[in-house]
Amino acid sequence: MSRRRQQNRDDEDNGFAEWGGYFEAKKAKLREQYKETAAKQVEKISDIFTGVSIFVNGLTNPSSDQLKLLMAQHGGTFHLYQSSSTTHIIASNLPNVKINKLGSLPIVKPSWVTDSIALNKLLDYKRYLLYTNQSTSQPRLDFPVVPKTASDPHFLQEFYSNSRLHLISTLGAEFKQFIADLRDKPREFPGRSKLEVSKTGAPPQTPVVMHIDMDCFFVSVGLRTRPELRGLPVAVTHARRAQLNPNKEREETVTLNMDRVAQGGELGMIDGRSSMSEVASCSYEARKCGVRNGMFLGAAAKLCPQIKTIPYDFEGYKEVSMILYKTLSSYTLNIEAVSCDEMYVEVTDLLKTFNLSVEEWANHIRGEIKTATGCPCSAGFGSNRLQARLATKKAKPDGFYYLKPEDVESYMAEIALADLPGVGYATLNKLKSLGLETCGDVQVASLGVLQKELGAKMGETLLEQAKGIDQKPLNYHHERKSVSAEINYGIRFKTIDECYNFLESLGNEVWSRLNEIKMRAKTVTLKVMIRAPDAPLETAKFLGHGLCDSVSKSVTIAHHISDVKILQREIRSLYEKMNVNYGELRGLGVQLTKLEKLAPINPTLSNFLQQESKKSDSSDTVKSKMATRGRPRKNSKGQKNSLSDFFKNKKETPVQNKPLEMKPTEVDPEVLKELPPEIRAEIIKEYNLAPKPPVKKSLTWPQIKPPVKKSPFSGLTWPQIKPILHKWLQSEQKPDDYDVTLLGEHFRQLAIDRDIDWLPTAMNFLYRNFGEMNCFWHKAYHKIVDLVQQGMVARYGGTLLIKRDFDCLHCV
DNA sequence: ATCCTCCCCTAC
DNA sequence: TAAGGTAGGGGAGGAT
């Protein structure tokens with residue numbers, strides 16, 4: 001995540017560098033504002049802003065808080081963060097404006113709000129645009145939009161930034177790491193000062209495990225800023241409406257798929273006009289109608305016609321889950337992170353120390369979480385993780401339940417087998433075939449029968465689970481056993497090269513994830529999904545995988561994979577061995593297993609790097625780490641020698657102990673330049689580093705003309721500029737206005753010269769990392785608007801495409 | 001017996 | 001339109 005989501009870092013080292021500092025900066029403010037919201041009820045005055053959803057950026061007059069109140073009073077929605085539901089950005093002053101969607105949202109002066117209220121009607125915002133060039137006569141940048149498949153080089157990135165499943169997976173892993181890291185530091189529990197030793201409490205004499213889980217997490221986060229939807233059936237989906245526009249072709253496709261695929265399944269509930277966007281999360285009101293997470297929106301709307309949809313808010317989920325974890329970890333670190341909204345906590349000692357009953361503690365912690373996040377959660381307690389988890393089911397929504405040891409036997413007997421963790425669709429069917437439906441049934445079943453149906457291990461655990469027994473202790477430190485990237489959406493290759501390119505990007509993806517956790521792998525597995533022979537060519541779900549067969553193949557090498565090129569070669573050879581038709585592919589995945597931790601590098605060098613890494617931590621490899629560290633602080637002999645030793649050792653180290661791969665070609669000139677002179681000289685000598693040949697420009701586009709003014713960026717191309725920006729990003733040393741202006745001028749000139757080959761890359765980078773410093777691209781903005789008008793640059797989602805990419809997409 | 005590969009299943 | 005990922009547990013069946 002850190003790799004993809006580098007945020008502006010204008011905060012001090014906060015110990016959560018992997019969160020890019022973003023959360024820390026906003027957290028206090030968020031908490032404060034929710035306290036306020038909880039405290040006062042807003043009186044409704046009018047509905048003039050119905051459908052309007054504002055995001056306030058920077059200082060405004062009236063203030064953000066006042067605008068929030070005004071929106072609440074007049075039927076609008078106020079966002080703390082820009083989300084996909086935002087309709088207008090409110091800002092007063094140019095340098096502070098964060099342009100997030102590159103022109104796709106209007107940036108409006110706050111007087112639009114106050115004037116509208118004064119006249120008691122919604123005024124046309126176009127008269128209040130902060131940028132004059134956003135007037136109606138000017139084109140908007142969000143055109144034209146083209147459908148993209150995995151054939152497009154931007155696909156992976158685009159897909160990940162919209163995938164809920166990817167998000168919850170990565171967040172889960174982040175929080176496991178978060179807890180592990182905290183446990184490695186000296187422990188402090190500031191939260192405990194909020195607890196008093198209870199006079200009346202009676203802590204249980206048996207061990208107590210708490211299971212805590214946010215209630216319909218995505219919905220709750222979305223409702224923070226949409227109080228008007230509380231109490232209604234709500235679902236989080238990509239689609240806005242359950243009914244699509246009539247489309248004959250699609251209706252036929254869906255019908256065709258229904259015949260072949262699903263007999264009485266969910267497809268039976270939809271037709272060619274129903275949205276097949278998945279419900280990521282639904283409110284309890286929607287669940288009452290039978291709506292379930294994972295359902296297609298079309299099916300959900302059949303069950304619950306009045307269902308309201310709200311968009312995803314990925315930033316919000318990260319915010320809230322971070323607050324949740326920081327809240328709990330301020331009391332104890334005996335936490336096993338399960339996911340972004342769920343964890344187990346061993347609270348036996350905590351209850352004893354403060355003489356708390358389960359109820360006192362539950363009320364305290366649930367109250368604190370609600371106040372801090374604005375979202376409800378439920379807590380279950382029991383003497384092991386299984387009991388705690390089952391107690392949570394009873395506690396939901398927004399409650400707690402303690403399953404006492406003496407109640408376990410009777411409680412368990414009534415539990416449906418489907419409620420046991422580990423019992424899903426397939427297992428449930430097997431158990432049904434044995435005539436078993438509740439834990440009570442299983443309690444009296446024979447171990448042999450269970451094992452015959454489910455296998456030795458599963459049979460045994462099921463029997464134990466049915467009795468409420470769970471031997472597995474909480475796992476506070478968890479060790480990764482595999483790293484994988486898999487895409488089973490949008491895979492429609494037209495040529496074998498598209499397929500190879502995509503495999504390569506998957507390879508790069510897993511490789512960089514492996515580097516993030518500082519591990520190496522010995523086994524590569526390629527997994528493919530292939531259209532089932534009898535499945536229709538087109539899937540019912542847009543770009544879905546449809547009915548597929550899946551095949552996987554793996555290779556294990558003697559030593560760990562030391563270079564991404566080797567990985568790419570292995571992936572490709574696995575693919576070739578599979579002998580599949582690229583046109584039939586519907587999914588591809590690369591998994592790395594047999595992991596080993598990279599041997600710790602030379603301790604003195606390690607110190608050297610660590611000193612530098614205090615500033616931030618978001619790099620993939622030593623190379624990029626060094627490239628982004630900025631200037632080394634010290635220049636002592638010891639460091640010099642150790643670095644030199646490191647390079648020497650590296651050559652002589654046996655392969656399996658090879659610490660970090662660094663080939664001479666990987667030594668970045670930018671890095672070299674920044675190193676202390678002696679070290680630089682030594683590396684150059686050691687590796688006979690020749691100066692890098694200048695980057696060749698494509699002939700299809702005009703050569704760069706230097707900007708009029710003398711600029712530090714004169715004649716530089718994007719690959720050369722990027723490390724400089726990286727350095728700005730990562731150091732306290734901020735670029736001064738002059739540099740920024742010159743860079744903007746440089747970009748503008750490039751746009752004029754039509755040297756837009758790399759301009760989108762640069763703009764996307766700036767947009768992601770320097771959103772606050774909009775003057776960067778604002779300089780070039782007007783010119784880009786022209787280019788868009790001429791069809792030279794198009795926008796897809798949050799990404800700019802140049803004409804060539806765009807044309808090639810049209811051909812497809 | 002034990003390990004390995006190729007699955008399948010489950011959870012969030 | 002839509003964004004069906006990712007990690008871990010474990011079983012079947014063959015190789016050692």
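Letters A, B, ... are given to chains in the order of the sequence lines, protein chains preceding strands, and every chain is numbered from 1. Hydrogens, waters and symmetry mates play no part in the numbers below; they use all other heavy atoms, side chains included. These numbers were taken from a predicted model, which means no experiment stands behind them.
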Taking [X] first and then [Y], would you say they form a salt bridge - that is, a charged N and a carboxylate O separated by under 4.0 Å?
X	Y	answer
A/K394	A/D419	no
A/K541	A/E278	yes
A/E576	A/K553	no

Taking any heavy-atom pair under 4.0 Å as a contact, classify [X]: base, sugar-phosphate, or nothing.
X	value
A/A173	nothing
A/Q243	nothing
A/G546	base

Whether each nucleotide of nucleotides 4-12 of chain B has a protein heavy atom under 4.0 Å at its base (B), only at its sugar-phosphate (S) or at neither (-) is summarised, 5' to 3', as -SSSSSSSB
### ring-ring contact (aromatic ring centres under 6.0 Å, His included) against A/F159, all qualifying residues, sequence neighbours excluded
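Per chain and number, A/F159 pairs via ring-ring contact (aromatic ring centres under 6.0 Å, His included) with A/F155, A/Y489.
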Return the set of residues passing ring-ring contact (aromatic ring centres under 6.0 Å, His included) with A/Y401 (not counting sequence neighbours), or none when no residue passes.
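If we apply the ring-ring contact (aromatic ring centres under 6.0 Å, His included) test to A/Y401, skipping adjacent residues, the hits are A/Y411.
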| task | Check whether any side-chain N or O of A/H238 sits under 4.0 Å from OP1 or OP2 of C/dT1, and answer yes or no. | result |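 It does not, given that no N or O in the side chain of A/H238 lies less than 4.0 Å from OP1 or OP2 of C/dT1.
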Is the phosphate of C/dT1, meaning OP1 or OP2, less than 4.0 Å from a side-chain N or O of A/S277? no
Using the 3.5 Å cut-off, write out each protein N or O paired with an N or O of nucleotides 12-16 of chain C and the distance between them.
none

(Q) Ring centres under 6.0 Å, that's the criterion: do A/F175 and A/Y325 meet it? (A)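 Under 6.0 Å, so yes.
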Cation over ring, A/R572 on A/Y575, under 6.0 Å and within 45°? no
Testing C/dA2, C/dT6, C/dG8 for proximity to the side chain of A/K481, the answer is C/dG8
| Do A/E315 and A/K318 touch side chain to side chain, with heavy atoms closer than 4.5 Å? |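 Yes, close enough: below the 4.5 Å cut-off.
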| query | Are the side chains of A/R292 and A/V279 in touch, meaning some heavy atoms are under 4.5 Å apart? | reply | no
**Asked** Sequence neighbours excluded, which residues qualify as salt bridge (Lys or Arg N to Asp or Glu O under 4.0 Å) partners of A/D398?
**Response**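 Per chain and number, A/D398 pairs via salt bridge (Lys or Arg N to Asp or Glu O under 4.0 Å) with A/R366, A/K370.
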Practice item. Using distance alone, with no hydrogens and no angle criterion, decide if A/E342 and A/H211 have a side-chain donor and acceptor under 3.5 Å apart. Key: yes
Result for 5'-nearest mapping on DNA chain C, choosing between A/R480 and A/N247, is A/N247
ask   = Starting at the 5' end of DNA chain C, which residue's closest nucleotide do you reach first, A/H545 or A/K176?
value =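 First, find each residue's nearest nucleotide; the 5'-ward one identifies A/H545.
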Pairing string of DNA chain B (Watson-Crick or G-U wobble, both atom distances under 3.5 Å; | = paired to other strand) is ||||||||||||
